[in-house]
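Reminder, nothing fancy here: chain letters follow the sequence lines and each chain counts from 1.
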Number of protein chains: 2
Amino acid sequence: MSQRQITFPQRECADCPIRHRAVCARCESDELEQLEAIKYYRNYEAGQTIVWAGDKMDFVASVVHGVATLSQTMEDGRRQMVGLLLPSDFLGRPNRDRVAYDVTATTDLQLCCFRRLPFQELLGSTPHVSQRLLEMTLDELDAAREWMLLLGRKTAREKIASFLSIIARRDAAQSQPAKGHGVAFDLPLTREAMADYLGLTLETVSRQMTALKNDGVIKLDGKRRIIVPDFAALMDETGDDADGGVLS
Amino acid sequence: MSQRQITFPQRECADCPIRHRAVCARCESDELEQLEAIKYYRNYEAGQTIVWAGDKMDFVASVVHGVATLSQTMEDGRRQMVGLLLPSDFLGRPNRDRVAYDVTATTDLQLCCFRRLPFQELLGSTPHVSQRLLEMTLDELDAAREWMLLLGRKTAREKIASFLSIIARRDAAQSQPAKGHGVAFDLPLTREAMADYLGLTLETVSRQMTALKNDGVIKLDGKRRIIVPDFAALMDETGDDADGGVLS
DNA sequence: GTTTGACCTTGATCTGGATCAAGCGAGCCC
DNA sequence: GGGCTCGCTTGATCCAGATCAAGGTCAAAC
């Protein structure tokens with residue numbers, strides 16, 4: 001599936017916010033020093049809310065490990081997740097001091113934070129960092145648009161299958177070099193959080209998980225561990241085209 | 001109709017792709033010359049498809065006037081709109097030569113195009129342009145996330161009301177400085193395109209439009225012209241909080 | 001080892017929006 | 001003028017997923 005993952009020399013932006021997805025090979029050492037000076041780590045535990053919509057946020061960050069979500073809530077309590085941040089994803093918006101969404105850690109989480117104001121200055125002075133950030137934001141926009149198709153047009157079963165395949169893919173990229181066709185992973189979200197992701201209720205999520213299990217598409221080991229015996233069979237349930245879409 | 005619009009000296013990026021939303025006061029004249037050299041206009045008529053998903057696209061562009069949509073289609077024909085481009089919006093992705101979505105003109109449309117490769121070079125050499133593009137992309141991401149809430153959690157009536165208020169707002173920003181409380185505008189989309197935007201069927205769109213009309217929230221003048229006697233009453237139907245959210 | 005509470009599953013029922021099916025009005029071509 | 005097509009409305013029916021309501025499981029707390 002995906003590739004053997006590039007290994008990279010330690011001198012290259014080990015903690016640069018643009019490090020995780022692709023090695024930033026262009027950072028000069030003085031830029032690294034600047035980043036180093038404004039960098040600090042923060043840890044959160046599962047379930048903890050990092051910031052609430054409307055709060056001030058004086059940092060931007062890169063997810064080191066764990067999972068965080070962005071979500072919006074309506075007055076009457078209806079809730080929709082609008083972002084899922086896995087390791088290497090970026091959190092926060094330069095030039096904006098308030099967040100528009102609740103940010104929650106759904107597993108134990110470590111962030112690599114950068115003080116926002118100096119980070120913004122850095123953006124101004126090092127074009128390749130802002131270009132990399134643009135690239136990442138455009139990727140996120142593409143992901144958001146696929147998510148829209150899911151929310152607007154997919155059936156409950158397709159939504160679940162799509163979600164599982166997204167997690168499987170991201171997880172495989174992190175941990176193992178995606179062997180033949182089977183994969184296994186832990187769900188980083190409760191059934192309720194999955195429902196918030198997918199625009200469903202938690203009961204429907206539970207029922208469709210059971211249905212996929214009964215149909216042999218997935219196996220469950222406990223509530224959270226998922227085994228996918230045949231990844232292609234899962235993909236068939238997503239409703240997506242066979243060819244995975246457009247790449248750069 | 002138009003325009004109260006900020007007037008700006010001709011030297012300031014009259015055709016810079018970042019012109020429309022906010023005047024780019026920082027362009028130097030040599031940058032303007034560079035932009036000028038790679039710029040050309042293209043016109044499309046209502047209904048025309050500009051590019052299909054997977055096609056090559058060798059330009060990026062700014063919408064001058066008219067409306068374009070981005071949409072995704074599943075194998076079985078289910079279709080979801082994932083982007084709505086109004087005047088001043090940006091189309092295309094630097095560093096990617098294929099488009100991921102069908103791009104369609106839904107009204108007569110004029111684009112101000114820039115050849116992609118030289119535009120990319122310009123991005124590398126003029127940081128403030130890439131920063132402005134990052135800013136615009138982040139705005140689009142915010143809009144996409146609000147759209148997700150709409151698709152995942154809102155009722156049909158709330159979806160219609162939200163859509164109308166979005167168009168009304170964008171239209172008002174263009175043409176008139178939003179007087180007291182009433183507004184009027186033309187829908188730039190057919191009922192079917194609205195359905196694709198909102199994750200509904202065209203029949204449901206039609207019924208909910210009729211319902212809003214019967215409830216006095218809107219008036220119809222023909223099929224396309226909408227009169228909103230009391231904008232606040234329309235907003236009450238959207239399901240959104242009263243305070244319009246977070247701004248920079 | 002019992003209680004508690006967070007998560008999850010399952011069942012019964014309801015309903016908002018999809019689907020299927022006419023029909024209408026206005027512009028356009030012959 | 002007549003027929004056509006396109007965009008839209010309206011009606012009747014259906015069904016996927018929501019809602020309401022129990023239970024079950026398991027680990028931590030007492």
Checklist entry - In whole Å, what is the span from the CD atom of A:Glu158 to the C1' atom of D:dG17? => result 14 Å
Checklist outcome for this item: Taken to the nearest whole Å, CG/B:Leu198 to P/C:dG17 is 12 Å
Next on the checklist: If I take atom CE in residue B:Met209 and atom P in nucleotide D:dT10, what distance separates them, rounded to the nearest angstrom?
Outcome noted: 12 Å
Checklist entry - Between D:dC8 atom C1' and B:Ile226 atom CD1, what is the distance in whole Å? => result 13 Å
Checklist outcome for this item: B:Arg224 atom CZ is separated from C:dG25 atom C1', nearest whole Å, by 15 Å
Checklist entry - Is B:Asp186 salt-bridged to B:Arg225, cutoff N-O under 4.0 Å? => result yes
Item to check | Phosphate OP1/OP2 of D:dT10: any B:Thr210 side-chain N/O under 4.0 Å | outcome: yes
Checklist entry - Which part of the nucleic acid, if any, lies within reach of A:Gly199 when heavy atoms closer than 4.0 Å are counted: base, sugar-phosphate only, or nothing? => result sugar-phosphate
Item to check | Charged tip of B:Arg145 within 45° of A:Tyr101 ring normal and under 6.0 Å | outcome: yes
Item to check | B:Gly47 versus B:Thr104, closest heavy-atom pair with distance | outcome: O-CG2, 4.0 Å
Checklist entry - Has B:Thr204 got a side-chain N or O lying under 4.0 Å from the OP1 or OP2 atom of C:dG17? => result no
Next on the checklist: How many whole angstroms separate atom CD of A:Glu192 from atom P of C:dA6?
Outcome noted: 12 Å
Checklist entry - Want to settle it: does B:Arg207 or A:Glu203 sit nearer the 5' end of DNA chain D, counting the closest nucleotide to each? => result B:Arg207
Next on the checklist: Let's see if you can work this out: which of D:dG17, D:dT19, C:dG17 has an atom nearest to the side-chain heavy atoms of B:Thr155?
Outcome noted: C:dG17
Next on the checklist: Strictly below 4.0 Å: does A:Thr190 bring a side-chain N or O up to OP1 or OP2 of C:dC7?
Outcome noted: no
Checklist entry - Does A:Thr201 make a side-chain N or O approach to OP1 or OP2 of D:dA18 shorter than 4.0 Å? => result yes
Next on the checklist: Just the rounded figure in Å: distance from P of D:dA16 to CZ of A:Arg157.
Outcome noted: 12 Å
Checklist entry - To the side chain of A:Leu220, which of D:dC8, C:dT9, C:dA18 is closest? => result C:dT9
Next on the checklist: Whole angstroms only, please: what is the NZ-P distance between A:Lys154 and C:dA18?
Outcome noted: 18 Å
Next on the checklist: So B:Leu202, base contact, sugar-phosphate only, or nothing? Heavy-atom distance under 4.0 Å.
Outcome noted: base
Checklist entry - So which nucleotide from D:dG17, C:dC8, D:dT9 ends up closest to the side chain of B:Arg191? => result D:dT9
Item to check | Closest non-hydrogen atom pair between B:Val51 and B:Lys56, with its separation | outcome: CG1-O, 4.2 Å
Checklist entry - Is a side-chain donor or acceptor of A:Arg78 paired with a backbone partner of B:Arg153 at a separation under 3.5 angstrom? => result yes
Checklist entry - When we call it a touch if two heavy atoms are under 4.0 Å apart, what does B:Gly47 touch: a base, just sugar-phosphate, or nothing? => result nothing
